[in-house]
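Notes follow once the structure below has been shown.
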Amino acid sequence: MSLLIISSSLHPKSKSRIMATHALHAAKPLENDLEILDLKHTELPPCDGHTSYGHENVAKVSEMVKRADGIILAT
């Protein structure tokens, strides 16, 4: 099973970032395939419903989501 943890906050000391880090450490012994996506370190364009889907990082994030069997979204 693959698990994707998404840290959605752009603030370095946010509670959701802390939650994502705790989830990552808690899931490590359980998951064979574990990824974390930190949106603070992933440049994404504003979603305009059209051209933003062609952005390189949007394609990378889309693939990460498609590969995951489960997702934890820290918001």
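These numbers come from the heavy atoms of this one structure, side chains and all, not from hydrogens, waters or symmetry mates. Please read these numbers as outputs of a predicted model, since none were measured by experiment.
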Self-check item: Separation of Arg67 CZ from Asp33 CG (nearest 0.5 Å)
Solution: 7.5 Å

Quiz item: Quick one: do Leu37 and Ile71 end up in the same hydrophobic cluster if we chain Ile, Leu, Val, Met, Phe, Trp and Tyr together by side-chain heavy atoms under 4.5 Å apart?
Solution: yes

Quiz item: Do Met19 and Leu4 share a hydrophobic cluster (ILVMFWY, side-chain heavy atoms under 4.5 Å, transitive)?
Solution: no

Self-check item: Between CD on residue Glu56 and CD on residue Glu43, distance to nearest 0.5 Å
Solution: 10.0 Å

Exercise. Consider only side-chain heavy atoms of I, L, V, M, F, W and Y, link residues closer than 4.5 Å, and tell whether Leu44 and Val65 are in one cluster.
Key: yes

Quiz item: Is there a donor-acceptor contact under 3.5 Å from the side chain of Ser16 to the main chain of Ser8?
Solution: no

Exercise. Locate the shortest heavy-atom distance separating Ser52 from Pro45; write the atom from each residue and the value.
Key: CB-CG, 3.8 Å

Self-check item: Single-linkage hydrophobic cluster Leu34~Ile72, side-chain heavy atoms < 4.5 angstrom
Solution: yes

Quiz item: If you look at every heavy atom in Pro29 and Ala26, which pair is closest and at what distance?
Solution: CD-O, 3.4 Å

Quiz prompt | From Thr21 atom OG1 to Ile36 atom CD1, the distance as rounded to the nearest 0.5 Å | solution = 5.5 Å

Practice problem: Would you please test Arg17 and Asp38 for side chain to side chain contact (heavy atoms under 4.5 Å, CB included) and show each step? | Solution: CA-CA 8 Å; Arg17 180 175 312 295; Asp38 190 341; 2.7 Å; yes

Quiz item: Between Met64 and Tyr53, is there a shared hydrophobic cluster once you connect ILVMFWY residues whose side-chain heavy atoms come closer than 4.5 Å?
Solution: yes

Self-check item: Gap between atom CG of Leu73 and atom CG of Leu39 - 0.5 Å precision
Solution: 8.5 Å

Quiz prompt | Interatomic distance, Asn57 atom CG to His41 atom NE2 [nearest 0.5 angstrom] | solution = 13.5 Å

Practice problem: Give the minimum heavy-atom separation between Ala23 and Ile5, together with the two atoms involved. | Solution: C-CD1, 3.7 Å

Self-check item: Atom pair CD/OG of Glu35 and Ser2 - distance to nearest 0.5 Å
Solution: 7.5 Å

